[in-house]
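Have a look at the structure below, then the notes.
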Amino acid sequence: MTRNHPQRPLPSRRAVLGGAAVAALAAAAGPAEAAGRRPAWPTQFPLPDGWLPEGITIGRAPYAYLGSRADGAIHRTDLRTGRGTVLHQGAPGLTAIGLKLGDDGLLYVAGGAGGTARLVDARTGALRGTHHLATGSGHFVNDVVLFPDRAWFTDSRDAVLYGVPRGRGCGGVRVLPLTGDWEQLPDVINANGIVSTPDGCDVIVVSSTPGELYRVSLETGRARRIALSGADDVVNGDGLVRVGRTLYVVQNRLNVVTVFDLDARATTATLRRSITDPRFDVPATAARFRDRLYLVNARFTSPQTPETTFTAVAVPL
């Protein structure tokens, strides 16, 4: 049976020319825009020359915050475009090592050899406060993890954690000595990256030398060495990222991120896989956003000059 269809009118000359123009614009825009899709977010973006980066943190919004070892400044980059600007100006004698963005809109910044914890407004870049955690040459405040009541900082040169109060009614700074299995070695980087345990009660700390993971009680300071399965150590362990019971360990000078499965009590870590990338150049720390892991290239093995270039890169989780 023959089916009859309404006859379609022939297009006018104006319509033909208009359609050709639209097609030309779509071709110029690229396949993503032509198909109505947003262009892919960049997987690498630059930082200012001589920035000397180490820490990176990302909140709910697509912005990365990166600290400077040169003067304690903080750079903010839009992950959608890779473009950024200096949010918080530094000053001589300051440094920014690890940092975390809280749901209170504050950046908690580890001050390295200066022994400080600074609080910076993530929207305006204004300094909201400074806590002096340690004095003297035997300290290096390195990284931080956030809990509802306190921000906990590691000290790579001393066997302690510092608990900085968040909000009113949380008391003063708490100094928590590390005991139990913890082994403090002289003249090397000990406690470095820190994250919460899957149950949210305690913390996991990586000791860069000799490369061990510990579960540390925030009540007593007692450290229990986490047994590694499938790996001998996590030497040069730096930044840590935890997603559920998956732990990502950035091993900076090895240019690798090792991925472990934690057991329910975070007493055993089983190696699942390793992430490497030719763009890695001594990545120090990492932060997660959606299905990506963003890492900052600290380039510790390259000249650390005002002309040295630096980048951050993204890899799939």
Side-chain angles (χ1 to χ4, degrees), residues 53-59 64-67 97-102 108-110 140-147 151-156 161-162 178 182 189-218 223-231 233-263 265-276 280 282-289 292-298 312 314-315 317:
E54 184 165 346
I56 179 172
T57 186
I58 304 171
Y65 300 83
L66 305 100
I97 311 299
L99 67 166
K100 291 294 185 298
L101 174 61
Y108 294 77
V109 185
F140 190 87
V141 181
N142 198 322
D143 206 358
V144 56
V145 64
L146 303 183
F147 280 71
W152 287 95
F153 291 79
T154 59
D155 189 330
S156 297
L161 300 179
Y162 305 103
L178 299 176
W182 186 263
I189 297 295
N190 289 270
N192 200 328
I194 183 172
V195 293
S196 61
T197 53
D199 59 16
C201 296
D202 297 325
V203 292
I204 296 171
V205 177
V206 61
S207 179
S208 298
T209 310
E212 296 174 334
L213 295 169
Y214 294 87
R215 174 172 181 147
V216 179
S217 168
L218 293 180
R224 179 174 179 179
R225 187 177 289 106
I226 297 175
L228 299 181
S229 176
D233 55 53
V234 286
V235 67
N236 296 133
D238 201 329
L240 300 179
V241 174
R242 183 185 60 77
V243 181
R245 282 166 50 180
T246 301
L247 181 68
Y248 298 82
V249 183
V250 182
Q251 293 179 255
N252 51 34
R253 294 175 187 264
L254 301 184
N255 287 313
V256 66
V257 180
T258 42
V259 186
F260 292 88
D261 289 328
L262 297 168
D263 67 343
R265 299 187 61 190
T267 58
T268 300
T270 302
L271 181 65
R272 179 202 296 174
R273 61 190 175 97
S274 297
I275 301 173
T276 59
F280 286 177
V282 193
T285 54
R288 174 203 179 194
F289 191 79
R292 288 180 174 183
L293 198 64
Y294 288 84
L295 301 100
V296 58
N297 282 318
V315 295
L317 281 175

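Please read all numbers here as calculations on a predicted model, not as lab measurements. In this chain, numbering begins with 1 at the start of the sequence shown.
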Straight-line distance of Leu293 CG to Tyr248 OH, nearest 0.5 Å: 7.0 Å
Quick check: closest heavy atoms across Ala298 and Pro53, and the distance to 0.1 Å? CB-O, 3.5 Å
From the options Thr268, Leu271, Leu213, Thr258, select the one residue that forms a side chain to side chain contact (heavy atoms under 4.5 Å, CB included) with Leu228. Leu213
At their closest point, which heavy atom of Thr197 faces which heavy atom of Ala266, and how far apart are they? CG2-CB, 4.4 Å
Are side-chain N/O atoms of Arg215 and Thr267 paired as donor and acceptor at under 3.5 Å? no
Any non-hydrogen side-chain atom of Asn236 less than 4.5 Å from a side-chain atom of Ser208? no
Report yes if the side chains of Val296 and Thr285 come closer than 4.5 Å at any heavy-atom pair, otherwise no. yes
If the condition is salt bridge (Lys or Arg N to Asp or Glu O under 4.0 Å), which residues does Arg288 pass it with, not counting sequence neighbours? none
Thr270, Ile226, Val234 screened by side chain to side chain contact (heavy atoms under 4.5 Å, CB included) with Phe260, the one that passes: Val234
Check whether any side-chain heavy atom of Thr154 lies under 4.5 Å from a side-chain heavy atom of Val141, and answer yes or no. no
Is it the case that atom CZ in Arg224 sees more than 12 heavy atoms from other parts of the structure closer than 6.0 Å? no
Do Trp182 and Ser207 pass the side-chain contact (heavy atoms from CB on, under 4.5 Å) test, and can you show the C-alpha distance, the side-chain angles, and the key distance before you say yes or no? CA-CA 9 Å; Trp182 186 263; Ser207 179; 4.0 Å; yes
Between Lys100 and Asp143, is the closest basic N to carboxylate O distance under 4.0 Å? yes
Looking at every heavy atom in both Ser156 and Asn192, which two are closest together, and how far apart are they? OG-CA, 4.3 Å
What is the minimum heavy-atom distance between Ala191 and Val205, and which atoms define it? CB-CG1, 3.8 Å
Are any non-hydrogen side-chain atoms of Val195 and Val241 less than 4.5 angstrom apart? no
Any side-chain heavy-atom pair from Asn255 and Thr276 closer than 4.5 angstrom? no
What distance separates Phe280 CZ from Ile275 CD1, expressed to the nearest 0.5 Å? 6.5 Å
Rounded to the nearest 0.5 Å, what's the gap from CG on Leu262 to OG1 on Thr246? Could you check? 7.5 Å
